[in-house]
Every structure is written in structure tokens, then in C-alpha cells.
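Here is how names work: the chains are called A, B, and so on, in the same order as the sequence lines, proteins then strands, and each is numbered from 1.
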There are 2 protein chains.
Amino acid sequence: MITETKNSLTEQTRERLLAAARVVFSENGFQNATVREICRRADVNIAAVNYYFNSKEALFAATLNFEPLLTLCKKINQGSICAQERLLNFIHDFLMQLLDEKEFSVQCQLMARELAEPTPVLGKIVQEAIAPIHQFVANLVREIVGKTISEAELRRCVFSIFGQCMYYRHGQPVIQRLHPQLRYDHKEIEAIAKHIGEFSLAGLKQVAQNKCP
Amino acid sequence: MITETKNSLTEQTRERLLAAARVVFSENGFQNATVREICRRADVNIAAVNYYFNSKEALFAATLNFEPLLTLCKKINQGSICAQERLLNFIHDFLMQLLDEKEFSVQCQLMARELAEPTPVLGKIVQEAIAPIHQFVANLVREIVGKTISEAELRRCVFSIFGQCMYYRHGQPVIQRLHPQLRYDHKEIEAIAKHIGEFSLAGLKQVAQNKCP
DNA sequence: TTTACTATAAAACAAACGTTTGATACACTC
DNA sequence: GAGTGTATCAAACGTTTGTTTTATAGTAAA
């Protein structure tokens, strides 16, 4: 049918825009990314952005996809292993989504940028993605260190874990200059995950000892 | 003398520019900060930026001051206490410079922004400030965990410590939305420093155990 | 065939940016 | 007092940004 052909072609340019936008946004951030560059990469006229979406900001919001991160949490919870193992698995899978350049980690990198340079969409991202996975890790931590821990100390433990992970992405411009040979291949990510996992579990045990002597 | 009067007046507008630039840059980052806003706050004509400095970028470079960070490292090393205590002291003082809004931490905040959104001046910052204090912490870590640790594992330990500290600044837009009541007053910074210190020392001990069973 | 609608294209729009210009007032030298 | 150099100012410059306009094909319905 001709209608189908037309629709699929329409969807094609729309999807091409989205795909290009994801790449350009994750590479340059929201501000530094230009509509002209996105359209150039998508091989699409500049007016298409405001035709299919209404603005650059709406295009940016449309590129966000919280599903991979949220399904990661659900997948981890399905196993019947202990909390320590679940935390190690989470750190591993989270780092994979955050650092692996070959995977479709663009989604995660795109949101990671928001932490440092907030845009008008940050509120939505915090509410729908960051808050849930912070809560997820908080539950794991509480299960590991026991229930006597205070809310403030629990929060600091969660921050310690995320801080270690995020530094590899936020600090990348610096890290690249400090250690030019460092590449985030699978082997390196595994090593990082192992380190952060052991480092954090030991830290959590220490916190647990402090609270329940 | 009239010459002195003239010079001091000149210096006054130059210094006013620098002071305003420090504030605006640390609040908005290099890109988002505008020359017009800086001049407005300094109560100075727009042309003054290119008159006294040659460009916005040179003005930015002139606002940088690595001394507080470097003297921090020297001060810590002067004491004859053990490496663990020195690390705890460093984390405390570093967080004070990084988070305290009342102190003159603008210098540190200004450089912290560079980690996430690099500017043409980043190379200088890494070379003159970040690399030295990374090396400083690396030396402390090596002293704590023993010499058998590999270079890669040493690097990850340093990243774990800095990652935990920097998250409170880089993640502030997110943290503010997650915990709107959280304020970085002296009491809170002390608590954060205590947490990161204990958490990290436990992590380092674990790393040392792994390497020297 | 005519009409209406959709998708795309080139061009122009208004705003904001860093930077430069040209003029003005002032202090100092001779 | 004429001439020189400096600091400041309002104004404009040229560029880039996101967005809008206007026009042009092509398709579907009447």
C-alpha cells in the first residue's frame, strides 16, 4: 500500500533524526550540540527538527530512554542470591552501560551528562531514572549493613558507590589526559567493576561495624 | 603621587573584573558564563575584558589559582603522622575547599567544573593542579597498602577516593533534587569527610589483603 | 481535474554571543 | 598650551544559535 510506504518513509526520517540526536547529544551535551549538526548527520533538512518535534529541547527529551537502566535493576532483583552478590552484579552491569563504547550505552551516557550540566529536562530524568536506581542501591545497602543505619549515613554509602562509578565518565576528559593509554574495553571494565565492588563491600562492612559494635 | 592613584584605580577595575569572573565562571561554567554578565557584576564596560585581558578565554585562565590546592598537599605532608591519618586529613581539607560555600572555595569549584565540561584551558589545569594532587594521593595510597600493588590497581584506588569526593560537587544538581533539604554546612562536610575516610580506609585494607595474602 | 494535506527544501528571522571600533575625557610630558 | 598615551564608554560588527517562514513537490480524497 502506498500509505504504508509514505508512513515508513516518514518514520524513517523521524527515526534517523532521533538516532543522530542521540549520538550528537551524548557526544557534545545538550548545549554544545547544534540542530544543524544533528540534521547534517541524519541527512535531513534543518526544519525537520521543529516539524517532527517542536523544539530542540523536545527532541532531546524524546531521545531519553530509561528502560535499560530500570530493567537492569529488575533483572538483578530476580536472582535469589544474597545482597552482596546483587550489589556486585549491579555495579558490573551499571558500569557496562555507563562505560562500554561499543554497546548501546549512549542512553546512559546521555543521562550521565545531565548530572554535571543540568538542562530543563533534568527534573524528569531524576524522577524517572536516577531516583529509582538510587533507591534500588539504597535498599541493597540497607540489606547489607543492617537496619540500624541512619538515613544520612545510608545516603552517603549510596553516594560513595555511585561516585566511584560516575567518576570514570565525568572525569573522562581529565582521565584521558592523566592516563592517555587507558581504554574502556571489556577487560578494563571488568577490572574496574571488581575493584569498586570489593572496595565498596569493605567500606560497607566498616560502616556496619561502626553502627553495631 | 598621582601615578600611584592612577595605577591603583586601574588595578581596581582589573581586580573587580577578576573577582566577578571567578564568581560567574564558577557558577555557570566557562561556556554558559557571558562576558556581559561578568562586566555587569563588576560594574565595568564590556570592552574592558578585551582591553585588560585579550579574550574571554584568557580572562578565564587568569582566574585560575592552583596555590590553595597545592599548599594543602604540602601542609598535610609536613605533619609526622602516619599515612592513614594524612589521608583522612587530606579528604577533610579537600572536601572543605570543594564544598564549603562560605570559604573561598570558588577556586576549587572552578576547576571542578573543568572535569565535566572541558575547555581549552583544561590541559594546563590537569598538568599544574590535578596531576600533582592525584600523585599526592597515589603516594599516600601506596604507603598504606604496601608496594606490591600494581599501577592499575593503584590508579583505581585513587579514582575511588576522588570519585567519592567529587560526586558531591558534580552531582549537586541531581543531589539537590533528590534531597532538597541537604545543605553543605560545616557539620555536614565533617560528616561526609568522616564517612569517605572510613569507607576508603576499609576499601584500601581490602585491596591490600587481596595483593598480600 | 480539482482540492486538501503532508513532507521536504531553501531562505530568512530574531536573539545572543565574543569581539572590535571610534570617540571622549583625563593625566602627564615637553 | 600643544601633544601623547591611557582608561572608559556607547555602539556596532560578524558569527552562530534555535526557530520560522514561504515555496515546492507529491499523494490522497472529492
Side-chain angles (χ1 to χ4, degrees), chain A residues 1-64 110 113 117-122, chain B residues 1-25 27-63 113 117-121:
Chain A
M1 279 194 283
I2 313 179
T3 317
E4 246 186 304
T5 307
K6 184 187 170 187
N7 280 351
S8 70
L9 278 175
T10 292
E11 285 306 302
Q12 207 180 5
T13 65
R14 209 188 113 101
E15 291 309 315
R16 272 216 312 278
L17 249 179
L18 271 175
R22 265 188 274 266
V23 176
V24 177
F25 278 136
S26 77
E27 277 181 6
N28 307 94
F30 176 73
Q31 293 245 34
N32 282 39
T34 68
V35 227
R36 281 173 174 81
E37 166 74 1
I38 293 173
C39 292
R40 199 187 58 78
R41 286 215 208 177
D43 200 29
V44 152
N45 189 271
I46 314 180
V49 166
N50 287 280
Y51 180 77
Y52 284 104
F53 312 88
N54 289 323
S55 64
K56 179 192 181 184
E57 190 182 311
L59 170 62
F60 180 66
T63 60
L64 297 176
L110 215 143
R113 277 204 167 261
E117 34 170 334
T119 75
V121 205
L122 178 57
Chain B
M1 281 194 281
I2 314 181
T3 318
E4 247 187 304
T5 306
K6 185 189 173 187
N7 281 351
S8 70
L9 278 175
T10 292
E11 285 305 302
Q12 206 181 7
T13 65
R14 209 188 113 103
E15 291 309 315
R16 273 217 310 277
L17 249 178
L18 271 174
R22 266 188 273 268
V23 175
V24 177
F25 279 135
E27 278 181 5
N28 308 95
F30 177 73
Q31 292 246 32
N32 282 40
T34 70
V35 186
R36 282 173 172 81
E37 167 75 0
I38 293 172
C39 294
R40 199 187 58 77
R41 288 216 209 177
D43 200 28
V44 152
N45 189 271
I46 313 180
V49 166
N50 288 279
Y51 180 76
Y52 286 103
F53 311 87
N54 289 322
S55 63
K56 178 191 181 185
E57 190 181 313
L59 170 62
F60 179 66
T63 60
R113 276 202 167 262
E117 34 170 333
T119 76
V121 206

* Asked: side chain to side chain donor-acceptor pair (under 3.5 Å) with A:R113: which residues, sequence neighbours excluded?
  -> A:E117
* Go through the structure and list residues passing side chain to side chain donor-acceptor pair (under 3.5 Å) with B:E27, not counting sequence neighbours. => B:R41
* Whole-Å distance separating the CG atom of A:N54 from the P atom of D:dT21 -> 13 Å
* Classify the ring geometry between B:F25 and B:F60 as parallel (under 30°), tilted (30 to 60°) or perpendicular (over 60°). => perpendicular
* Asked: Listed in order of residue number, which residues of residues 33-48 of chain A have a non-hydrogen atom at under 4.0 Å from DNA chain C?
  -> A:R36, A:N45, A:A47
* Taking CG from A:L59 and P from D:dT17, how many angstroms apart are they, rounded to a whole number? -> 16 Å
* Grab the two heavy atoms, one from A:T63 and one from A:A21, that are nearest each other, plus how far apart they are. => CG2-CB, 3.7 Å
* Partner set under side chain to side chain donor-acceptor pair (under 3.5 Å) for B:T119, not counting sequence neighbours -> B:E114
* Roughly how many Å is it from OH in B:Y51 to P in D:dA10, rounded to a whole number? -> 17 Å
* To do: Only counting residues at least two apart or in another chain, list the ones meeting ring pair (Phe, Tyr, Trp, His ring centres under 6.0 Å) with B:F53.
  => none
* Structure fact -> From the list B:V44, B:L59, B:T13, side chain to side chain contact (heavy atoms under 4.5 Å, CB included) with B:Y52 holds only for B:T13
* A:Q12 CD to C:dT8 C1': how many Å, rounded? -> 14 Å
* To do: For DNA chain D, determine which residues of residues 21-28 of chain A have any heavy atom closer than 4.0 angstrom to one of its atoms, and list them numerically.
  => none
* Rounded to the nearest Å, what distance is computed from the CG atom of residue B:N50 to the C1' atom of nucleotide C:dT20? -> 8 Å
* To do: Rounding to 10 degrees, work out the angle separating the end axes of the helix from C:dT1-D:dA30 to C:dC30-D:dG1 (five pairs an end).
  => 30°
* Taking OP1 and OP2 of D:dG18, is either one under 4.0 Å from a side-chain nitrogen or oxygen of A:S55? -> no
* Could you give all pairs that pass the salt bridge (charged side-chain N to carboxylate O under 4.0 Å, His left out) test and reach residues 43-58 of chain A, with sequence neighbours left out? -> none
* Indicate the atoms forming the closest heavy-atom contact of B:V24 with B:A33, along with that distance. => CG1-CB, 3.6 Å
* Take atom CG of A:N32 and atom C1' of C:dC17, then tell me their distance rounded to the nearest Å. => 14 Å
* For A:N28, enumerate each residue passing the side chain to side chain donor-acceptor pair (under 3.5 Å) test, keeping only those at least two apart in sequence or located in another chain. => none
* Separation of C:dC17 P from B:K56 NZ (nearest whole Å) -> 9 Å
* Which whole-number value in Å describes the distance from B:Q31 CD to D:dT17 C1'? -> 12 Å
* State which residues pass side-chain contact (heavy atoms from CB on, under 4.5 Å) with A:I46; sequence neighbours excluded, sorted by chain then number. => A:R36
